[in-house]
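Numbered from 1 within each chain, the chains take letters A, B, ... in sequence-line order. Values reported hereafter were calculated over all heavy atoms of this structure, with side chains retained and with hydrogens, waters and symmetry mates removed.
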2 protein chains.
Amino acid sequence: MDTERLRPEPIDLGPLPGLLGHLLRRAHTRMLLDFTESTAEFGVTSGEFALLCLVEANPGVTLGQLATAAALDKSTLSPAMQRLTERGLVERHAVPHDRRAQALRLSPGGAALLPPLKDRIAEHETRLSQPLEASEREMLMRLLRKLNGL
Amino acid sequence: MDTERLRPEPIDLGPLPGLLGHLLRRAHTRMLLDFTESTAEFGVTSGEFALLCLVEANPGVTLGQLATAAALDKSTLSPAMQRLTERGLVERHAVPHDRRAQALRLSPGGAALLPPLKDRIAEHETRLSQPLEASEREMLMRLLRKLNGL
DNA sequence: TATTGTTATACTCTATAACTATA
DNA sequence: TATAGTTATAGAGTATAACAATA
């Protein structure tokens, strides 16, 4: 990112501050960039972290179930899950009576990775939430959950 | 996106619903996909629309100023602005006393495109905001503006 | 030296469609 | 026929770094 020098005349953002989509884009982009920096040493992207959490909370879950839970297409999850298994963080087990499906579980390595990673992410979340009061942050998350149907 | 069949046991989302980054990702992704569908006939992406709005509100603005206003790198804006000028929606004018810079203005075509596009986007915003009461939507945008430092 | 804008490159996230294997 | 998962492909969005032209 550039650090531009301050301008005498501030730019008029026009209708953008009144558009939810625009505000979400900006907020999401900022968080994603900081997430990547903050967790670089773990080598796990934001999306991969979400998958690890879901597998941890639902041992034996299948990829299709994860797709539903994460609101993503299976074709999005499949390569991500492949990286996680290749790196030895997730194990694929056979599912009785359905040889198409795969039961997903964290490996010991994956289980060991998550606690310190979660700590780092908690710091990142706190830092990025600085502009908000604690109560505002709670309210924001409540509204986003409702918007997302969660 | 897949339409998965309903599962007897709902998936446990673990810590994800308590993470602002995760909630922002889901909300932003949903809005971006619907934006793309809703405005397909205009052939303008979400990011390009934001640039058009900024140029409209700040005729004569330079690319560097836009980068600051949109919180994006100039290398992100440069190709996007090139597409807009090639499509005849934005015009580049010379800046007196600085031949490096370019003063950006909407072309008549760009100015004509924006009103119906804005109407379409307003519908899209309303539709995606359905899960929220009007007052909740206002509150959500207020909190996002504060989070974004706007 | 510093700044404006361009270009080359790379990475993340996401989807659709076509496919294989299995049910 | 339908489903689970993979693969090929595409597109949006973003950044860093090196560069040419200009200040």
Which heavy atom of A:Q82 sits nearest a heavy atom of A:T85, and at what distance? O-OG1, 2.8 Å

Round to a whole Å and report the spacing from CG of B:L72 to P of D:dA12. 16 Å

Establish, with yes or no, whether the OP1 or OP2 oxygen of C:dT7 is under 4.0 angstrom from a side-chain nitrogen or oxygen of B:Q82. yes

Distance check needed: C:dT6 P versus B:L84 CG, whole Å only. 12 Å

Considering all heavy atoms, the nearest A:L63-A:L77 contact: O-CD2, 3.9 Å

Once you apply a heavy-atom cut-off of 4.0 Å, does A:S46 come out as touching a base, just sugar-phosphate, or nothing? sugar-phosphate

Does B:R87 use its side chain to pair, donor to acceptor, with the backbone of B:G43 at less than 3.5 Å? yes

Interatomic distance, A:D34 CG vs C:dT12 C1' [rounded to whole Å]: 16 Å

Quick one: B:H28 NE2 to D:dT14 C1', roughly how many Å, whole number? 11 Å

Does B:T76 have a side-chain nitrogen or oxygen under 4.0 Å from the phosphate oxygens OP1 or OP2 of D:dT14? no

Using modelled atom types and a 3.5 Å cut-off, is there a donor and acceptor pairing between side-chain atoms of B:D12 and backbone atoms of A:N58? no

Rounded to whole Å, the CZ-C1' distance (A:R25 to D:dA12) equals 11 Å

A:S78 vs A:T29, nearer the 5' end of DNA chain D by closest nucleotide: A:S78

Is any side-chain N or O of A:T45 closer than 4.0 Å to OP1 or OP2 of C:dC11? no

Expressed as a whole number of angstroms, how long is the span from A:K74:NZ to D:dA2:P? 14 Å

Could you report the tightest heavy-atom contact between B:L32 and B:S46, atom names first, then the distance? CD1-CB, 3.7 Å

Quick one: does B:S78's side chain have a donor or acceptor within less than 3.5 Å of a partner on B:K74's backbone? no

Distance check needed: C:dC11 C1' versus B:D73 CG, whole Å only. 15 Å

Which parts of residues 94-104 of chain B get close to DNA chain C, meaning a heavy atom less than 4.0 angstrom away? B:R100, B:A101, B:Q102

A:R92 side chain near D:dT6 phosphate (N/O to OP1/OP2, under 4.0 Å): yes

When rounded to whole Å, the CG to C1' distance for the pair A:L24 and D:dG13 reads 15 Å

Consider side-chain contact (heavy atoms from CB on, under 4.5 Å). Of B:T39, B:D34, B:T36, which one does B:H124 pass it with? B:D34

Could you check A:P79 against A:R26 and say which one's nearest nucleotide on DNA chain D is further toward the 5' end? A:P79

